[in-house]
Chemist: 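Here you go, one structure.
Hydrogens, waters and symmetry mates play no part in the numbers below; they use all other heavy atoms, side chains included.
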Number of protein chains: 2
Amino acid sequence: MVATIIDVAKKCGYSKATVSRAFASPEAVSERAKARIYAAANELNYTPNPIARAMARQKTDNITFVIHENQYPAILNPFYSSALEAIMQETMKRNYGLFVTTNDHVRLPSGEVSIKKHMDGVIIAGQTDRSSIESFCKQNIPVVVLNNLIQMEHLPCIAVDNYHGAKCAAEHLIQKGHRRIALLEGRFSPQIYHDRHNGYMDAIVSAGLTVDPLLIRDVDANELCAETCAREMLSCPERPTALLCTNDTIAVGAMKAAMRMGLRIPEDVAVIGFDDSYVSRVIEPELTTVRIDSLQMGKLAVEMLFRLIDGEELSKWYIEMPTELIVRGTT
Amino acid sequence: MVATIIDVAKKCGYSKATVSRAFASPEAVSERAKARIYAAANELNYTPNPIARAMARQKTDNITFVIHENQYPAILNPFYSSALEAIMQETMKRNYGLFVTTNDHVRLPSGEVSIKKHMDGVIIAGQTDRSSIESFCKQNIPVVVLNNLIQMEHLPCIAVDNYHGAKCAAEHLIQKGHRRIALLEGRFSPQIYHDRHNGYMDAIVSAGLTVDPLLIRDVDANELCAETCAREMLSCPERPTALLCTNDTIAVGAMKAAMRMGLRIPEDVAVIGFDDSYVSRVIEPELTTVRIDSLQMGKLAVEMLFRLIDGEELSKWYIEMPTELIVRGTT
DNA sequence: ATGAAAGCGCTAACAC
DNA sequence: GTGTTAGCGCTTTCAT
């Protein structure tokens, strides 16, 4: 049906070995041969079959980005989408293919799970389980973990200095004169949750302010839930004058609550977000937020992964991304 | 290094055919054999190699989503990201793999371009070139085109009723009493551009209003450009009282211009967007916009593609998605 | 520079 | 229900 290397070989009179070389390592083939081979290939609409190539070379030239489904949405995820954008660009640059998947496993009839492995390497976004990573290791597939720190021998991780980010944000509010600073914290992975929580706590305590448990609330990281929560807090007699939110989506919800209650931002209530995702500059006034360079994070992940794929050594197995407070209009 | 089907066969005493069946069609294998085979497989950390499987079956169980790089950003694209989200979910449901790529071609040493084909089918988002589609056809790879109508025999396309959407939006503004309605149009593909343009024009003309060329402006579809453009228009002595924008990003830029000039929305100036993308509900007041069900669009694309992959007939080659005006706070 | 031949790991007739 | 065998389309020694 579709032309194969044999068809081309027959048509041009060279062996399939030479045809193969003409495509895979053209410098090893004479000009004369190449001319004939390419001509024959064009006539037959022949293009090399990458599956067969992968089979013979034991290499697919693909990598996979996995974002587990509990982190829904996957593509529309406000945090991971920009990391993925960068991963995509970098992967394309190297002429690799990119799989994107929420379920890196497939259930075998044996009841066991088996990883899908059309790929030479994997980037795992955030939450995952050790067994998942172990599966990849057993199949000798390099893994890089993005936005999560998993203690495992020779497992490259890129995480974020969340503690510092949250601390700076709280300090900024304190310095602006706020004394009742609420914390709306998303139910993220324990690691991230605690680091941001502790950053806030330490800033409050260091400043000699009292920690009011009523001002600390867990929320689901969506606008509606955040809005409801913020509205409740802002309705209290002793309402907070600032809302520190552990991601931008929560911050947007909080802003909506304030605006809809007729409060002015930042005069009546200040808001800070986290991540510096695209929403932070959509809302007006634009959101003061803790910036994480997630594009750079994605880029670093790809670079580490390709080093591993190429069999090189990694200078470090753990990278901590810095955070930086970006002051915009909501403080 | 990594265990193969042969290792398992040796270890458990069955032939590799039976081992293969135990994984690919377990119902054809006795319980006794399966028990032994799975046990051996587990000990060896064996999992079937999908490349070899694809090679033998001539089927990869993968599809590809291609969004050409001129439509940058790819993942962060406000329109295509939600279609991709749906495509992803649907694809995972069927236990297929999903490639995402901006360059579906790879340059061959022959100077020709060759498509990457680890996949059984392709969804192309928006702009593309005929030759790209023809390449896929020549390799017998089914293609579905999303958000673009390309006249080609047996080429499934899913596009949008842009004319109707723009017309409704303009009519809504007219009905609200607006007489100076500006049009900020993004430089999209000619098809989309013209349909939205004509929808606006027809509504204006039908209402007996005069078309003021000063009120019609092309813009790049980003916030900054839109804000600049809107600011200029709103600074004119005879400023428009409504801004019809051909996507939500432009509308957000326009809203920022108005807000920063101290104009109230919708009292002083009304704004309408297009797409009903995530930004429409981030901005406050929330944006009146023309809804396109892009999740559904993605879902339909996947369904059509799988029909083709499964060798079934398509009842129709062209689907036009309806549009619907969603009235929120900006009108 | 080119060719012959042995895989790569699996599936799918076909036979028993 | 299980085994035998012939591929799937390419790469890669090893010769020449």
Side-chain angles (χ1 to χ4, degrees), chain A residues 1-37 40-41 44-61 106 108-109 114-120 139-141, chain B residues 1-37 40-41 44-61 106 108-109 114-120 139-141:
Chain A
M1 198 95 169
V2 170
T4 74
I5 201 170
I6 301 252
D7 302 318
V8 178
K10 278 189 189 143
K11 177 147 202 139
C12 68
Y14 284 89
S15 73
K16 60 178 192 161
T18 304
V19 175
S20 172
R21 289 187 194 106
F23 286 98
S25 39
E27 68 285 357
V29 176
S30 70
E31 291 304 322
R32 186 168 136 64
K34 276 190 284 194
R36 293 194 182 193
I37 290 168
L44 297 169
N45 284 319
Y46 168 79
T47 61
N49 178 333
I51 291 290
R53 188 155 207 268
M55 180 90 202
R57 299 196 329 155
Q58 299 287 84
K59 181 143 182 12
T60 64
D61 291 358
V106 65
L108 254 29
S114 146
I115 55 171
K116 302 177 179 166
K117 43 184 176 177
H118 283 261
M119 83 299 257
D120 302 332
Q139 307 287 332
N140 288 323
I141 297 174
Chain B
M1 198 98 169
V2 171
T4 75
I5 201 170
I6 302 251
D7 302 318
V8 178
K10 277 189 190 142
K11 178 148 202 137
C12 67
Y14 283 91
S15 72
K16 60 178 193 161
T18 304
V19 176
S20 172
R21 288 187 196 103
F23 286 99
S25 38
E27 67 285 357
V29 176
S30 70
E31 291 304 323
R32 185 160 159 346
K34 275 190 285 195
R36 293 196 181 191
I37 289 168
L44 297 169
N45 286 318
Y46 168 79
T47 61
N49 178 333
I51 290 289
R53 189 156 205 268
M55 181 89 204
R57 299 197 327 152
Q58 299 286 85
K59 182 146 181 8
T60 63
D61 291 357
V106 66
L108 254 29
S114 147
I115 54 170
K116 301 176 179 167
K117 43 186 176 178
H118 283 261
M119 83 300 256
D120 302 333
Q139 307 287 332
N140 288 323
I141 298 174

Chemist: Roughly how many Å is it from CG in B:Asp7 to P in C:dG9, rounded to a whole number?
Modeler: 9 Å
Chemist: Please state how far atom CZ in B:Arg36 lies from atom C1' in D:dG1, giving the value in whole angstrom units.
Modeler: 14 Å
Chemist: Compare the minimum distances between each of D:dC10, C:dT2, D:dT4 and the side chain of B:Arg21, then state the nucleotide with the smallest one.
Modeler: D:dT4
Chemist: Are the side chain of B:Lys34 and the backbone of B:Pro26 linked by a donor-acceptor contact shorter than 3.5 Å?
Modeler: yes
Chemist: Answer with base, sugar-phosphate or nothing: what part of the nucleic acid does B:Ala33 contact at a heavy-atom distance below 4.0 Å?
Modeler: sugar-phosphate
Chemist: For the residue pair A:Lys10 and A:Ile6, establish whether any side-chain heavy-atom pair is separated by less than 4.5 Å.
Modeler: yes
Chemist: Atom CD1 of B:Ile37 to atom C1' of D:dG1: distance rounded to whole Å?
Modeler: 11 Å
Chemist: Given C:dC8, C:dG3, C:dT11, which nucleotide is nearest the side-chain atoms of A:Met55?
Modeler: C:dC8
Chemist: Within the distance-only criterion (no hydrogens, no angle test), does the side chain of B:Lys117 pair as donor or acceptor with the backbone N or O of B:Ile141 below 3.5 angstrom?
Modeler: no
Chemist: Report yes or no: does A:Ser114 contribute a side-chain atom to a donor-acceptor pair with the main-chain N or O of A:Leu108 at less than 3.5 Å?
Modeler: no
Chemist: Taking NZ from A:Lys59 and C1' from D:dC10, how many angstroms apart are they, rounded to a whole number?
Modeler: 16 Å
Chemist: Hey, which of these two, B:Gly13 or B:Arg57, hits DNA chain D nearer its 5' end, going by closest nucleotide?
Modeler: B:Gly13
Chemist: Is A:Asp120 reaching over with its side chain to a backbone N or O of A:Lys59, donor-acceptor style, under 3.5 angstrom?
Modeler: no
Chemist: Looking only at the side chain of B:Lys16 (C-beta and beyond, no hydrogens), which of the listed nucleotides D:dT2, C:dA12, D:dA6 gets closest?
Modeler: D:dA6
Chemist: What nucleotide among D:dG9, C:dT2, C:dG9 has an atom nearest to a side-chain atom of A:Val29?
Modeler: C:dT2
Chemist: Nearest-Å distance, CD1 (B:Ile51) to C1' (C:dG7)?
Modeler: 16 Å
Chemist: Once you apply a heavy-atom cut-off of 4.0 Å, does A:Ser20 come out as touching a base, just sugar-phosphate, or nothing?
Modeler: base
Chemist: Can you measure B:Glu27 atom CD to D:dG1 atom P for me and round it to whole angstrom units?
Modeler: 10 Å
Chemist: Output the rounded distance in Å from NZ (A:Lys10) to P (C:dG3).
Modeler: 15 Å
Chemist: Below the 4.0 Å mark, does D:dT4 have OP1 or OP2 next to a side-chain nitrogen or oxygen of B:Ser15?
Modeler: no
Chemist: From the set C:dT11, C:dG3, D:dT11, return the single nucleotide nearest to any side-chain atom of A:Thr18.
Modeler: C:dG3
Chemist: So B:Pro50, base contact, sugar-phosphate only, or nothing? Heavy-atom distance under 4.0 Å.
Modeler: nothing
Chemist: Classify the nucleic acid contact of A:Tyr46 as base, sugar-phosphate or nothing, counting any heavy atom under 4.0 Å across all strands shown.
Modeler: sugar-phosphate
Chemist: As an exercise, state the distance from OG1 of A:Thr4 to CG of A:Asn49, rounded to the nearest 0.5 Å.
Modeler: 9.5 Å
Chemist: Are any of B:Ser30's side-chain N or O atoms less than 4.0 Å away from OP1 or OP2 of D:dT2?
Modeler: yes
Chemist: Side chain of B:Arg53 only, heavy atoms from C-beta on: which candidate in C:dT11, D:dT11, C:dA13 is closest?
Modeler: C:dT11
Chemist: Do B:Arg32 side-chain and D:dG1 base share a donor-acceptor contact under 3.5 Å?
Modeler: no
Chemist: Rounded to whole Å, how long is the line connecting atom CD1 of B:Ile5 with atom P of D:dT4?
Modeler: 14 Å
Chemist: Is any side-chain N or O of A:Gln58 closer than 4.0 Å to OP1 or OP2 of C:dG9?
Modeler: yes
